[in-house]
Asker: 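Quick one: this structure, given as structure tokens, is what I'll be asking you about.
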Amino acid sequence: MSMMRIGGLASGMDIDKIVGDLMKVERAPIGKLKQKKQLLEWQRDAYRDMNRLLDALDKQIFDGVMRQSTFLQKKVTSSNENVVTATATPSAANQTVEISNITQLATAARWTSQNTINISANDQLSALFLGTEVMPTSLQFKVKNPGSSVEETVTISLDPSKETLSTLISKLNQDTKLGVRAFYDDFTQKMVITKNQTGSGSSIEVTSGAELFTKLGFNLDIQVDSSDPLNVVTKTFLQQDPGTGQNAKFTINGLQTERTSNTFTINGMTYTLKNTHAGTVTITSTTNTDAIFNSIKSFVDKYNETIDEINKKLKETRYRDYQPLTDEQREKLTEKQAEKWEEKAKSGILRGDSILSNALSSMRQALYRKVDGVADGFSQLAQIGITTTPNYLEGGKLIIDEAKLRQKIEENPDAIYRLFSNNGEGNAKGIVRQLRDEIKKTIKSIEDKAGNTLKATNQYIIGKSIIDIDTRISAAEDRLKRVEDRYWKQFSAMEKAVQRANSQSMYLMNAFGGGAQ
């Protein structure tokens with residue numbers, strides 16, 4: 001708790017200013033400690049910026065040139081994309097396929113009410129039934145999907161006192177086993193149910209609640225159960241609209257075939273039929289040289305960006321005359337002047353840093369070495385058209401011979417993948433796997449020194465130094481309080497002495513003056 005002190009009443013001296021000036025001198029060592037702490041905090045933050053940079057490079061490697069799928073990308077072309085399009089999985093072989101004589105496309109089974117429905121969407125379903133008729137409290141179905149002989153049993157509960165046409169449609173649409181999309185058209189007053197899956201073979205047998213669908217205007221197809229020897233048991237199906245629920249029919253490389261869906265996969269190629277067509281459409285799958293080249297270029301660009309930023313930090317000029325501003329210094333500067341000063345003070349904070357210098361060296365060695373067990377002509381970066389810049393000032397940046405790299409990609413993309421990411425040991429390990437190892441070592445070294453957002457201050461070297469400085473500052477602040485109190489006590493004692501002297505002088509003057517009269 002601070003105290004208000006007033007001095008100098010007896011001596012006429014500005015005691016507050018005198019003590020303040022004395023304390024400025026006393027505070028100088030604390031100012032130095034705070035500057036040292038600020039430098040450590042800037043250094044910690046600069047290290048963490050480098051780690052974020054390295055981590056971004058590591059993630060791009062992992063998501064890009066380290067993945068085998070990156071080097072197996074395919075480019076698929078169609079001679080008539082209005083009829084057939086296709087895509088290829090990375091494992092698909094380069095191939096040429098002919099699709100012809102597409103006589104029909106796959107369609108979904110559909111059921112449409114033939115008669116109008118005598119209620120609106122928000123009316124209760126019970127209005128469809130006469131007073132003597134009982135509305136079913138549940139619907140039961142046996143559902144068969146296209147191309148499957150398995151029947152799914154579906155039960156949907158109903159509440160006659162609350163159920164409306166809208167809530168019924170919602171229940172039909174939400175049941176995944178039923179697998180339909182239903183809607184009501186208030187203009188025609190009819191309802192349509194469409195199977196989610198295309199292809200022939202769909203059926204919906206209503207085993208309970210068929211009378212509700214009759215009220216909703218649907219035609220029911222009643223069939224005698226052929227397994228019943230007495231022909232007594234019948235099955236009731238919703239009657240499909242004509243021409244719905246059919247397979248796609250086409251010829252592929254001379255073989256007539258069909259599919260339940262217009263999208264299907266054969267030998268790693270996924271085809272999509274868009275229109276019927278009497279002629280032939282040629283589908284060609286080749287190595288996607290552009291995509292693979294762009295992935296490698298993205299890696300090279302990111303690597304160059306990373307080492308460029310590290311090199312800048314290592315070579316950044318250190319302005320030792322520009323120390324962190326004290327509070328008093330900052331008060332004397334404008335905001336812009338303070339920003340410029342701090343920019344100079346932060347400059348070179350990592351100049352010549354051994355961790356970063358060693359990181360650059362180890363990263364270069366990882367990339368330039370030869371990988372054992374890779375096809376001839378693909379065991380080093382230089383062999384596929386990636387070399388270092390001849391300008392040594394650029395710190396080992398990579399440059400790409402585009403024509404040579406594209407040629408190598410077309411020649412053997414898998415060999416380039418092995419060069420980059422071969423999962424071996426020692427010299428058989430791919431260069432980016434080795435590069436990631438060096439990046440992780442550097443990140444670990446930086447975290448040991450500068451920590452990360454998850455580490456407590458006492459868990460890394462710079463943090464421990466900051467704690468030590470904080471302890472020293474706290475001790476110095478306590479000492480300053482004692483020093484300031486001592487100064488005030490000394491000046492207070494002086495004031496009391498001056499006051500006594502003044503009182504005595506006044507007494508003597510009064511005494512002598514009185515005698516003269």
Side-chain angles (χ1 to χ4, degrees), residues 104-146 148 150-226 228 231-247 260:
Q104 67 182 35
L105 297 179
T107 59
R110 186 176 65 242
W111 300 268
T112 304
S113 54
Q114 301 302 308
N115 302 316
T116 58
I117 302 173
N118 296 324
I119 60 172
S120 67
N122 295 319
D123 288 337
Q124 288 186 3
L125 293 176
S126 57
L128 294 170
F129 294 81
L130 300 175
T132 57
E133 296 178 293
V134 179
M135 177 181 161
T137 57
S138 68
L139 299 175
Q140 291 182 339
F141 309 97
K142 285 186 178 179
V143 181
K144 189 184 292 185
N145 291 323
S148 174
V150 178
E151 289 183 333
E152 290 276 6
T153 300
V154 178
T155 301
I156 295 177
S157 61
L158 298 176
D159 185 344
S161 64
K162 297 180 181 178
E163 217 70 61
T164 66
L165 183 55
S166 289
T167 60
L168 171 64
I169 289 173
S170 294
K171 287 186 174 183
L172 294 175
N173 289 338
Q174 290 169 9
D175 196 294
T176 55
K177 285 186 178 181
L178 188 58
V180 298
R181 302 181 308 278
F183 74 93
Y184 169 73
D185 177 39
D186 55 5
F187 181 79
T188 59
Q189 293 182 285
K190 292 185 177 182
M191 183 175 168
V192 179
I193 301 173
T194 306
K195 200 75 177 73
N196 290 333
Q197 294 173 271
T198 60
S200 62
S202 290
S203 66
I204 298 179
E205 179 188 351
V206 186
T207 57
S208 177
E211 61 272 25
L212 175 58
F213 285 93
T214 300
K215 297 289 186 181
L216 293 174
F218 288 95
N219 287 342
L220 300 180
D221 183 8
I222 300 175
Q223 302 175 4
V224 176
D225 187 351
S226 58
D228 175 25
N231 293 330
V232 174
V233 179
T234 59
K235 294 184 176 182
T236 303
F237 294 87
L238 292 180
Q239 194 173 87
Q240 287 187 25
D241 293 0
T244 64
Q246 64 182 21
N247 289 344
T260 59

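Please read all numbers here as calculations on a predicted model, not as lab measurements.
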Asker: Taking the side chain as every heavy atom from C-beta outward, state whether D221 and Q240 have any pair of such atoms under 4.5 Å apart.
Answerer: no
Asker: Supply the atom-to-atom distance F183 CZ to T194 OG1, rounded to the nearest 0.5 angstrom.
Answerer: 6.5 Å
Asker: Closest heavy-atom contact between Q140 and T155?
Answerer: CG-OG1, 3.7 Å
Asker: Evaluate the side-chain proximity of T244 to W111: yes if any heavy-atom separation is below 4.5 Å, no if none is.
Answerer: no
Asker: Test your reading of the model: is there a side-chain donor-acceptor pair from K190 to the backbone of D185, 3.5 Å cut-off?
Answerer: no
Asker: Assess the residue pair D159 and S161 against the criterion (side chain to side chain donor-acceptor pair (under 3.5 Å)); give the C-alpha distance rounded to whole Å, side-chain angles, the decisive distance to 0.1 Å, and a yes or no.
Answerer: CA-CA 6 Å; D159 185 344; S161 64; 2.8 Å; yes
Asker: Less than 4.5 Å apart, side chain to side chain, heavy atoms only: is that true for Q189 and Y184?
Answerer: yes
Asker: Just how far is it from atom CG of D123 to atom CG of N118, taken to the nearest 0.5 Å?
Answerer: 10.5 Å
Asker: Which is it for N145 and K195 under the side chain to side chain donor-acceptor pair (under 3.5 Å) test, yes or no, and what are the steps along the way?
Answerer: CA-CA 9 Å; N145 291 323; K195 200 75 177 73; 2.7 Å; yes
Asker: For A109 and S202, which heavy atoms make the closest approach, and how far apart are they?
Answerer: CB-CB, 3.7 Å
Asker: Kindly compute the distance separating CG (L168) from CG (L158), expressed to the nearest 0.5 Å.
Answerer: 6.5 Å
Asker: Report the residues that fulfil side-chain contact (heavy atoms from CB on, under 4.5 Å) with D175, sequence neighbours left out, ordered by chain and then residue number.
Answerer: V154, I156, K177, L178
Asker: Contact between V206 and L139 at the side-chain level, heavy atoms closer than 4.5 Å - yes or no?
Answerer: no
Asker: How long is the straight-line distance from CD of Q174 back to OG1 of T167, given to the nearest 0.5 Å?
Answerer: 10.0 Å
Asker: How close do V150 and S148 get, counting heavy atoms only, and between which atoms?
Answerer: N-OG, 3.1 Å
Asker: How long is the straight-line distance from CE of M191 back to CG of N115, given to the nearest 0.5 Å?
Answerer: 14.0 Å
Asker: Rounded at 0.5 Å granularity, tell me how far OG1 in T207 sits from CZ in F237.
Answerer: 10.5 Å
Asker: Distance-only, no hydrogens or angles: does the Q104 side chain make a donor-acceptor pair with backbone N or O of N247 under 3.5 Å?
Answerer: yes
Asker: State, without any angle test, whether N122 and T164 hold a side-chain donor-acceptor pair at a distance under 3.5 Å.
Answerer: no
Asker: Determine whether E133 and K215 make a side-chain contact, defined as any pair of heavy atoms from C-beta on separated by less than 4.5 Å.
Answerer: yes
Asker: For L105 and Q246, which heavy atoms make the closest approach, and how far apart are they?
Answerer: O-NE2, 3.0 Å
Asker: For residues F213 and I193, determine if any side-chain heavy atom of one lies less than 4.5 Å from a side-chain heavy atom of the other.
Answerer: yes
Asker: Go through the steps for R181 and N173 under the test side chain to side chain donor-acceptor pair (under 3.5 Å), then give the verdict.
Answerer: CA-CA 5 Å; R181 302 181 308 278; N173 289 338; over 6 Å; no
Asker: Could you check whether any side-chain heavy atom of T137 comes within less than 4.5 Å of a side-chain heavy atom of S157, counting everything from C-beta outward?
Answerer: no
Asker: Is there a side-chain contact between S203 and E151 (heavy atoms, below 4.5 Å)?
Answerer: no
Asker: What are the two closest non-hydrogen atoms of S120 and L165, and how far apart are they?
Answerer: O-CB, 4.0 Å
Asker: Has K142 got more than 12 heavy atoms of other residues, nucleotides or ligands less than 6.0 Å from its NZ?
Answerer: no
Asker: Could you work out, with salt bridge (Lys or Arg N to Asp or Glu O under 4.0 Å) as the rule, every residue matching D241, not counting sequence neighbours?
Answerer: R110
Asker: F218 and S113: which non-hydrogen atoms are nearest, and at how many Å?
Answerer: CE2-N, 3.5 Å
